[in-house]
Number of protein chains: 2
Amino acid sequence: MEPSLDTVFAALADPTRRAILTMLLEDDMAVTDVAEPFEISLAAISKHLTILAAAGLIAQEKRGRVKWCKLEPDALKAASVWMQGFGQFEPVNLDAFEAFLEQELGEDHA
Amino acid sequence: MEPSLDTVFAALADPTRRAILTMLLEDDMAVTDVAEPFEISLAAISKHLTILAAAGLIAQEKRGRVKWCKLEPDALKAASVWMQGFGQFEPVNLDAFEAFLEQELGEDHA
DNA sequence: TGAAAGGTCAACCGTTTGGTTGAATAAGGG
DNA sequence: CCCTTATTCAACCAAACGGTTGACCTTTCA
């Protein structure tokens, strides 16, 4: 079954999970490497990744003993479409997005 | 303090709350009228509205004994900007949005 | 004045969430 | 073969969530 708006929005509601998505924007990563910048346990990160995968926001592929995590940006499409119905916001504003990235990274990894 | 991405996404993660927002897209409504289509208690709806207000997604104004609820679509802007950074989705697709509305209304009020 | 309407508050309840720890499983490397 | 690395599993915990009910406050209006 394809992920619902419920699971997508719920996945995005956690700052750790949003930070993970932001990291994956740079490159695919192994679970251990995803966990490295955070102060919580590896098991906790593993759970977050499971939630992100259930929401369709990432894909996980096991190669050898390493499980690679890859961003799946299309999963955001349905949620984005839903939201845009309310606001008619100006089309993609990457400057504002960069500002958010800096703010979030500053908050979470301080 | 302005609402965080946390509170906005968490507010959007509940189908009842999304249905309420959709209803308010039509027109401003009193709390009792918001509650009418749902099968849960008025108190529960009142809590949902408090959460939506805390997220900045609606504004509530009391006139007489009636509390009016009004959509505040700008609150979606920050979240929308955040999401767009991932996908570069095509600009506003209202057809897709209409389809989602029908699906959600069909699910929640069946 | 007093009853009805509109909402919220407070206490409670079961379930989910986000975290922990320690053990278990699986795959390389020497 | 054994040790280490990579990751998940299982049990547990406190806090938050979504819901209920009943009491409560305020406004309207006959």
Side-chain angles (χ1 to χ4, degrees), chain A residues 3-24 27-70 104 107-109, chain B residues 3-24 27-70 104 107-109:
Chain A
S4 63
L5 285 183
D6 283 31
T7 56
V8 171
F9 280 129
L12 294 178
D14 185 277
T16 300
R17 287 193 290 264
R18 285 200 309 279
I20 291 174
L21 292 179
T22 301
M23 291 164 59
L24 291 177
D27 207 351
D28 298 358
M29 297 177 78
V31 175
T32 306
D33 296 330
V34 169
E36 198 272 330
F38 299 95
E39 293 187 339
I40 64 181
S41 70
L42 181 60
I45 294 291
S46 179
K47 283 189 190 178
H48 280 306
L49 290 171
T50 301
I51 290 170
L52 287 171
L57 291 166
I58 66 169
Q60 293 183 289
E61 182 198 357
K62 193 166 186 178
R63 282 203 296 271
R65 61 179 165 180
V66 174
K67 199 167 189 177
W68 292 92
C69 304
K70 177 180 180 305
E104 287 241 322
E107 277 173 3
D108 293 335
H109 302 176
Chain B
S4 63
L5 286 183
D6 283 32
T7 56
V8 171
F9 281 129
L12 295 179
D14 185 277
T16 300
R17 287 194 290 264
R18 284 200 310 278
I20 291 174
L21 292 179
T22 301
M23 290 164 60
L24 291 177
D27 206 351
D28 299 357
M29 296 178 79
V31 174
T32 307
D33 295 331
V34 169
E36 199 272 331
F38 299 95
E39 294 187 338
I40 64 181
S41 70
L42 180 60
I45 294 291
S46 178
K47 283 190 190 178
H48 280 305
L49 290 171
T50 300
I51 290 170
L52 288 171
L57 291 166
I58 66 168
Q60 294 183 289
E61 181 197 358
K62 194 166 185 177
R63 282 204 297 271
R65 63 180 166 180
V66 174
K67 200 167 189 177
W68 292 93
C69 304
K70 176 182 182 306
E104 286 240 323
E107 277 174 0
D108 293 334
H109 302 176

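Proteins come first, then strands; the chains are lettered A, B, ... in the order of their sequence lines, and each starts at number 1. Since we're looking at a predicted model, the values are computed, not measured. Values below: every heavy atom of this structure, side chains too, minus hydrogens, waters and symmetry copies.
- Nearer the 5' end of DNA chain D, as judged by each residue's closest nucleotide, is the contact made by A/Lys47, out of B/Ser41 and A/Lys47.
- The main-chain N or O of A/Leu42 is never found under 3.5 Å from a side-chain atom of A/Ser46 such that the two would form a donor-acceptor pair.
- For A/Lys67 and D/dT8, the shortest distance from a side-chain N or O to OP1 or OP2 is below 4.0 Å.
- Between A/Ile51 and B/Gln60, the residue anchored closer to the 5' end of DNA chain C is B/Gln60, taking for each the nucleotide with the nearest heavy atom.
- Both A/Ala43 and A/Ala13 sit near DNA chain C, but only A/Ala13 has its closest nucleotide nearer the 5' end.
- Considering only the side chain of A/Arg65, D/dT4 comes nearest among D/dT8, D/dT20, D/dT4.
- Nearest heavy-atom pair across A/Ile51 and A/Arg17 is CD1-NH1, 3.4 Å.
- For the pair B/Val31/B/Gln60, a side-chain contact is recorded, criterion being any heavy-atom separation below 4.5 Å from C-beta on.
- Residue A/Arg63 is classed as having no contact, given no heavy-atom separation below 4.0 Å to the nucleic acid.
- If you take CD1 on A/Ile58 and OG1 on A/Thr50, they are separated by 8.0 Å, rounding to the nearest 0.5 Å.
- B/Ala30 comes within 4.0 angstrom of sugar-phosphate atoms only, judged by non-hydrogen atoms across all strands, and of no base.
- On the nucleic acid side, DNA chain C contacts chain B at distances under 4.0 Å to non-hydrogen atoms, with the end points of that region at C/dA4 to C/dA11.
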